[in-house]
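Letters A, B, ... mirror the listed sequences (proteins, then strands); counts begin at 1.
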Protein chains: 2
Amino acid sequence: MSKSNNVYKDAYNRCLRLLDETKSLPSEPELGTLLGVSRTTVRSILARMEETGLIDWNKRNKTVLRAPRPEDFFPEEETDSLAEIIERSFMRRLLAGGAEAGMQINELELAREIGVGTTSVREFLIRFSRFGLIEKRRNSHWVLKGFTRAFALELTEIREIFELRSAAAFAALPEDSAVWADLDRLELEHRQLASEIATRFNEFSELDERFHRLIHRASHNRFIVDFYDVIAMIFHYHYQWNKAEERQRNEVAIQEHLAYIAALKSRDPGKVDAACRKHLKSARQTLLTSIPEGRQMQPA
Amino acid sequence: MSKSNNVYKDAYNRCLRLLDETKSLPSEPELGTLLGVSRTTVRSILARMEETGLIDWNKRNKTVLRAPRPEDFFPEEETDSLAEIIERSFMRRLLAGGAEAGMQINELELAREIGVGTTSVREFLIRFSRFGLIEKRRNSHWVLKGFTRAFALELTEIREIFELRSAAAFAALPEDSAVWADLDRLELEHRQLASEIATRFNEFSELDERFHRLIHRASHNRFIVDFYDVIAMIFHYHYQWNKAEERQRNEVAIQEHLAYIAALKSRDPGKVDAACRKHLKSARQTLLTSIPEGRQMQPA
DNA sequence: GTAATGTCTTTTATCGGGAAAAAACATTTT
DNA sequence: AAAATGTTTTTTCCCGATAAAAGACATTAC
């Protein structure tokens, strides 16, 4: 079987959405950039679109013949990369409970249960290990360290160090830096979301990530920027898992963000520090309350 | 070929050194713990030792018949794991120059040149990516970010944040903590090394790592502890590469460590902070001077 | 002559297989 | 009965192979 063509399927689906907007598609290289794939994949997409009568394709001419129908799309689950499938499956087990600290992780068993090769699982575990939740025993199995209270505290400690620093760096950026426009745009999005919170509260998670990444980038330090991957990952699954009071929490967070943005715009270090601290404190609280107190990691 | 038996060969060599010290070897499980391998490997070792007339092996009885000779040992290069081989080979290229920032890294080519399978190279690159020197383009090649001045500055910035924090935590540890004994032992080792600096200056690198790891552990934060892997890796290869003024540098560093240790023992936060800062500053300087000024990373 | 399309080559992502090493189970020894 | 040895099973590590995807080169269109 070797390799699934999820890249093609995902790009195909995204390309279908373009058909609604135009009467004819752009050049192959242009489509490639637009969809983030190579020309090889673009040509496969065009070939299929011609086959299914969606477009008429003749060299430079790619005329749209009809609007895409629901059945033209590939099923969602076929557009995920193996890495995403493995990650989701792994995180589900991890958060579903029964995943005690100290437990062994078996590559072969994981591979079998998910229905993929061992190589993909190995690569996933190696990549995943930087999140600090698992650890490798040389020439042997992986050990689960567990999504514990200790983990959350260690994670948020670093987050707070890094974000306070990044926020200070952000506020010190020159007037003509492009980030101020980015910040304005984010502020607007926050206000829009706040006004429609009743129906759109679940969109906050994505906005949250973009906001914090913008701030972290101001550190100009790859280790700080990369560390946000760990935070984003944890919060991503945390949000999926723990929906209790979601709307309420997000409403509070939006207001904190707006205060934080105002502080950044004031460029007053003291205000920035205070607003940042306040928000981080409640973020930590949210995370901590979702972790059951009972089980603690055993000392090694 | 599938898998090399380097674990066996390395353990065999280490086991040979035990023969000098005793008249008979301990039980199989005990040997396994001692050598850090499974009983399966222990039994392979014993089997060969019997074959080559090194021991007489009969059930619980493992009598040493003769002292090991140089030709009994497996060649050093056969005892390295594939991961180590790939890492060394990769770092040599990286530091040997000609490795410009932005350059592409080709898995297949690397695998061919080192003479290993692509899987091992891929796994290495994934593991290595957390050091911040390379980056993956989705569905495509890796990009070298380069061992640049910017890298060194970003690395040392984090190091300083983490170590100042860890040092403060260390000094605040209770009197009865085991770390104070560890620190005393390290202090002694420093003094011994200082007195024989003329002949043993190249042993400093290893002592340096142990010292800093001890301090970082006081943070009780896995992300801080793990980050020292990045520092250790960089300094390890940096030391191998840049031997200029090595003795002089190490002599200074030992004195700084001793002052740092004294400050920790005083448990005076102000003194700790000052001694730590002073040492980190000169460590940063050492690293920076070894990096050519000229080439800078291109903005993305 | 620039930028597209058409064609061919190389590289990446992933699997299955096989030897090395670990782990589990059964049996013996003290 | 605790701990060793003997035996069998399982898992990890690593390679080679193959389809998907990217990339390079050749050709054509404007």
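Taking the charged nitrogens against the carboxylate oxygens, B:Asp226 and A:Arg130 have no contact shorter than 4.0 Å, which rules out a salt bridge. Between B:Arg93 and B:Glu113, at least one side-chain nitrogen of the basic residue sits less than 4.0 Å from a carboxylate oxygen of the acidic one, meeting the salt-bridge criterion. Using a cut-off of 4.0 Å between Lys/Arg side-chain N and Asp/Glu carboxylate O, A:Asp56 and A:Arg66 are scored as not salt-bridged. Checked for salt-bridge contact, B:Asp182 and B:Arg210 miss the test: no charged N lies under 4.0 Å from a carboxylate O.
With sequence neighbours excluded, no residue satisfies ring pair (Phe, Tyr, Trp, His ring centres under 6.0 Å) with B:Tyr237. For A:Phe124, the ring pair (Phe, Tyr, Trp, His ring centres under 6.0 Å) partners at least two apart in sequence or on another chain are A:Phe90, A:Phe128.
Spacing between atom CG of B:Leu125 and atom P of C:dA13 amounts to 11 Å, rounded to whole angstrom units. Between the CG atom of B:Leu46 and the P atom of D:dG6 there is a distance of 10 Å, given to the nearest Å. For A:Ile105 and D:dT12, the CD1 to P distance is 10 Å, given to the nearest whole Å. In this structure, the CG atom of A:Asn61 is 13 Å from the C1' atom of C:dT5, given to the nearest Å. If you take CZ of B:Arg138 and C1' of C:dT11, they are 16 Å apart, rounded to a whole angstrom. If you measure from atom CD of A:Glu123 to atom P of D:dC14, you get 13 Å, rounded to the nearest angstrom. One can place CD1 of B:Ile126 at 14 Å from P of D:dC14, the figure rounded to the nearest angstrom. Rounded to whole Å, atom P of C:dC15 lies 11 Å from atom CG of A:Asn6.
In this structure, the nucleotide among D:dA21, D:dT12, C:dT12 sitting nearest to the side chain of A:Thr41 is D:dA21. Of the candidates C:dT12, D:dC15, D:dG6, C:dT12 carries the atom nearest the B:Asn106 side chain, counting heavy atoms from C-beta on. Side-chain proximity of B:Glu30 to the nucleotides D:dA4, D:dC13, D:dA21 is greatest for D:dA4. Closest to the side chain of A:Ser27, out of D:dT5, D:dA19, C:dT5, is C:dT5. With D:dT12, D:dA21, C:dT5 as the candidates, the nucleotide lying closest to the side chain of A:Arg43 is C:dT5.
A ring-ring contact (aromatic ring centres under 6.0 Å, His included) with B:His216 is found for exactly one of B:Tyr228, B:Phe223, B:Phe227, namely B:Tyr228.
For the pair B:Lys3 and A:Pro29, both in contact range of DNA chain C, the more 5′-proximal nearest nucleotide belongs to A:Pro29. Nearest-nucleotide positions on DNA chain D for B:Leu82 and A:Val7 put B:Leu82 closer to the 5' end. Between A:Trp142 and A:Ser4, the residue anchored nearer the 5' end of DNA chain D, judged by the nucleotide with its closest heavy atom, is A:Trp142. Nearest-nucleotide mapping onto DNA chain C: of B:Asn5 and A:Ser120, the residue sitting toward the 5' end is A:Ser120.
For A:Glu77, the CD atom sits in a packed shell: over 12 heavy atoms of surrounding residues, nucleotides or ligands are nearer than 6.0 Å.
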Quiz prompt | Footprint string (nucleotides 23-30 of chain D, 5' to 3'): B base within contact, S backbone only, - free, heavy atoms under 4.0 Å | solution = BB----B-
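At least one side-chain heavy atom of A:Leu108 sits less than 4.5 Å from a side-chain heavy atom of A:Arg112.
With B:Asn5 contributing its side chain and B:Tyr8 its backbone, the two residues share no donor-acceptor pair below 3.5 Å.
Within the 4.0 angstrom heavy-atom criterion, no nucleotide atom of any strand lies near A:Lys9. Residue B:Thr119 is classed as a base contact, given a heavy-atom separation below 4.0 Å to a base.
Considering all non-hydrogen atoms of both residues, B:Pro68 and B:Phe73 come closest at CB-CE1, 4.4 Å. Counting all heavy atoms, side chain and backbone alike, A:Asn6 lies closest to B:Arg138 at OD1-NH2, 4.5 Å.
Not one side-chain nitrogen or oxygen of B:Lys136 sits closer than 4.0 Å to the OP1 or OP2 atom of C:dT11.
Bending across the helix from C:dG1-D:dC30 to C:dT30-D:dA1, expressed as the angle between its end axes from five pairs apiece, amounts to 30° (10° rounding).
Interface residues of residues 108-118 of chain A facing DNA chain C, ordered by number: A:Val116, A:Gly117; criterion, heavy-atom separation under 4.0 Å.
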Contacts under 3.5 angstrom, residues 18-27 of chain B side chains, donor-acceptor by atom type, not counting sequence neighbours:
{"residue": "B:Thr22", "atom": "OG1", "partner": "B:Leu18", "partner atom": "O", "Å": "3.3"}
{"residue": "B:Ser27", "atom": "OG", "partner": "B:Glu30", "partner atom": "N", "Å": "3.4"}

